[in-house]
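Nothing here was measured: the structure is a model prediction, and the numbers come from that model.
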Amino acid sequence: MKVFLHIGAHRCATTTFQEYMRQNRAQTAHDGIAYWGPQVTRSGLFQGVLPGPQLLPKGDANQRARGRIKLKLAAERATGFDQLVVSDENILGSMRQNLHLGTLYADAGDRLNRFGAAFDGELTDIVVNIRALDHYWTSALTYGVARGFPFPTEDMLDRYAKSQRSWRDVITDIATALPNVNIWVQPFETFGGRPNAQLSSMTGMRAPRAHARIRLARSPRVEELSAYLMDQDAAKLADQFGLWRPFNAEQTALLREAYADDIMWLVAGADGLARIAEDNQDQAGDSKTFRRTLTRGRPNDQNRRLAGSG
């Protein structure tokens, strides 16, 4: 059974994909695809995988988590499923932590190492969603501010724009933590808001089109966002309408340049660590699955530091 661990990231239409999978559970099951969404993963299945307060000693909690996952995988296999999609963006980390630290998923490597151990060699593929950095940070800030995160100062925005950590570093951390697992990258610009295309790209099967137009967790527009803010912060948005634009031109250019470098690295082969997923939604019967041999790409910025696992 192929096991796909879909880890988001946040603000990359992951909630939409999860709702699409939930709504189409009967059809995908008929096609041999099992699905675990947050309703499964956050109901105690993964408790003990990551360190935290536990009723039992740490070792026992981790071993029990591994046992629960093993039993559930065995049950899916016995039912006859030949593919399993597990989707939970919180596996990758916390969006609030990203906002506080001003960087992308600083502990991604350690987290994925722990989840890899919990699945005990059963993972075959990791699916990562990425998004243009100016849009990612804007969406994360909009979502955060509407839920009580402090309104960003110019220094905070500068820290996001000048962060040395990009999607390339996150992907490198994941590949270092799980060297024997295929890593596939689905850019938001291709797959965002197209959950059926995401599923088809993963599984190589014609995905159901029912519920494919679902759109959840959209960013509030400026006129909606202002209602969540204190008066002095709402006044800073008085000259804007539609989607919030917190970054100035220089900051936006820095973020777009960093994302362009990430995409160029992926297109060049990502040093053999990952591949860009293909949009094969309209290639029914001739679609290309994720399973293929990864080959090392062309040398690309070899003096650039590689992110550690933490």
Worksheet item: Are R114 and D110 close enough for a salt bridge, meaning some N to O gap below 4.0 Å?
Response: yes
Practice prompt. Kindly indicate whether the side chain of F115, heavy atoms from C-beta on, has any atom under 4.5 Å from the side chain of F46.
Written response: yes
Fill in: Worked check of side chain to side chain donor-acceptor pair (under 3.5 Å) between E89 and Q18
CA-CA 10 Å; E89 65 274 30; Q18 289 157 3; 2.8 Å; yes
Worksheet item: Do E154 and R159 meet the salt-bridge criterion of a basic N to acidic O distance under 4.0 Å?
Response: no
Discussion item. Classify the ring geometry of Y136 against Y105: parallel below 30°, tilted from 30° to 60°, perpendicular beyond 60°.
Written reply: tilted
Worksheet item: Do NZ/NE/NH1/NH2 and the carboxylate oxygens of K72 and E122 come within less than 4.0 Å?
Response: no
Fill in: Check: R111 side chain, N90 main-chain N or O, donor-acceptor pair, under 3.5 Å
yes
Item to complete: Determine yes or no for a side-chain-to-main-chain donor-acceptor pair under 3.5 angstrom, with T16 supplying the side chain and L216 the backbone.
Response: yes
Worksheet item: For the side chain of R66 and the backbone of N62, is there at least one donor-acceptor N/O pair under 3.5 Å apart?
Response: no
Worksheet entry | From Y160, Y259, W244, residue fulfilling ring-ring contact (aromatic ring centres under 6.0 Å, His included) relative to W137 | Y160
Worksheet item: Picking from T172, T103, D262, what satisfies side-chain hydrogen bond (donor to acceptor under 3.5 Å, both in side chains) with S166?
Response: D262
Discussion item. Checking side chain to side chain contact (heavy atoms under 4.5 Å, CB included) between R168 and each of L273, D261, D173, D271, which is the one that passes?
Written reply: D271
Worksheet item: Are H6 and V86 close enough that some pair of their side-chain heavy atoms sits under 4.5 Å apart?
Response: no
Discussion item. Is any side-chain heavy atom of V85 closer than 4.5 Å to one of V127?
Written reply: no
Practice prompt. For residues F247 and L254, determine if any side-chain heavy atom of one lies less than 4.5 Å from a side-chain heavy atom of the other.
Written response: no
Discussion item. Between E224 and R221 (side chain of the first, backbone of the second, donor and acceptor by atom type, cut-off under 3.5 Å), is there such a pair?
Written reply: yes
Worksheet entry | Euclidean distance, I126 CD1 relative to L5 CG, rounded to 0.5 Å | 4.0 Å
Worksheet entry | Exam field: side chain R11 to backbone A140, donor-acceptor pair closer than 3.5 Å | no
Item to complete: Over all heavy atoms of both residues, which pair between Q47 and A65 is shortest? Give the atoms and the distance, please.
Response: O-CB, 3.3 Å
Worksheet item: Within the distance-only criterion (no hydrogens, no angle test), does the side chain of T14 pair as donor or acceptor with the backbone N or O of H10 below 3.5 angstrom?
Response: no
Fill in: Sub-4.5 Å side-chain heavy-atom contact between P208 and N196
no
Worksheet item: Do F81 and L73 share a hydrophobic cluster (ILVMFWY, side-chain heavy atoms under 4.5 Å, transitive)?
Response: yes
Response to the item:
Note: S87 and P38 closest approach over all heavy atoms is O-CD, 3.5 Å
Practice prompt. Say whether I263 and W167 are linked into one hydrophobic cluster, either directly or through other cluster members, by side-chain heavy-atom distances under 4.5 angstrom.
Written response: yes
Worksheet entry | Main-chain N/O of N248 paired to Q251 side chain as donor or acceptor, under 3.5 Å | yes
Discussion item. Looking at A210, is its backbone amide N or carbonyl O close enough to the side chain of N24 to form a donor-acceptor pair, meaning the two atoms are under 3.5 Å apart?
Written reply: yes
Worksheet item: Is there side-chain contact between S219 and Y143, with at least one heavy-atom pair below 4.5 Å?
Response: no
Discussion item. Please determine whether a side-chain nitrogen of the Lys or Arg among D158 and K162 lies less than 4.0 Å from a carboxylate oxygen of the Asp or Glu.
Written reply: yes
Discussion item. To the closest 0.5 Å, what do you measure between CD (Q23) and CZ (R25)?
Written reply: 10.5 Å
Fill in: Sub-4.5 Å side-chain heavy-atom contact between I174 and L92
yes
Worksheet item: When clusters are formed by joining ILVMFWY residues with side-chain heavy atoms under 4.5 Å apart, either directly or through shared neighbours, do V170 and I276 land in the same one?
Response: yes
Item to complete: Verify the cluster assignment for L229 and L141: are they in a single hydrophobic cluster under the rule of side-chain heavy atoms below 4.5 Å apart?
Response: yes
Worksheet item: How close do L157 and P246 get, heavy atom to heavy atom, and via which atoms?
Response: CD1-O, 3.2 Å
Discussion item. For a ring-ring contact (aromatic ring centres under 6.0 Å, His included) check, start with the C-alpha distance between F17 and F191, then their side-chain angles and the critical distance, and finish with the verdict.
Written reply: CA-CA 10 Å; F17 176 74; F191 292 96; over 10 Å; no
Discussion item. Between E19 and R22 (salt bridge meaning N to carboxylate O under 4.0 Å), is one present in this structure?
Written reply: yes
Worksheet item: For the atom pair CG (L84) and CG (D125), what is the distance rounded to the nearest 0.5 Å?
Response: 11.0 Å
Worksheet item: Thinking salt bridges, do R206 and D31 make one under a 4.0 Å N-O criterion?
Response: no
Worksheet item: What heavy-atom pair brings A274 and I171 nearest, and what distance separates the two atoms?
Response: CB-CG2, 3.7 Å
Response to the item:
The reported gap from CG in D88 to OG1 in T41 (rounded to nearest 0.5 angstrom) is 3.5 Å
Worksheet item: Does the gap between the ring centers of F188 and H135 come in under 6.0 Å?
Response: no
Worksheet item: Between V40 and I7, is there a shared hydrophobic cluster once you connect ILVMFWY residues whose side-chain heavy atoms come closer than 4.5 Å?
Response: yes
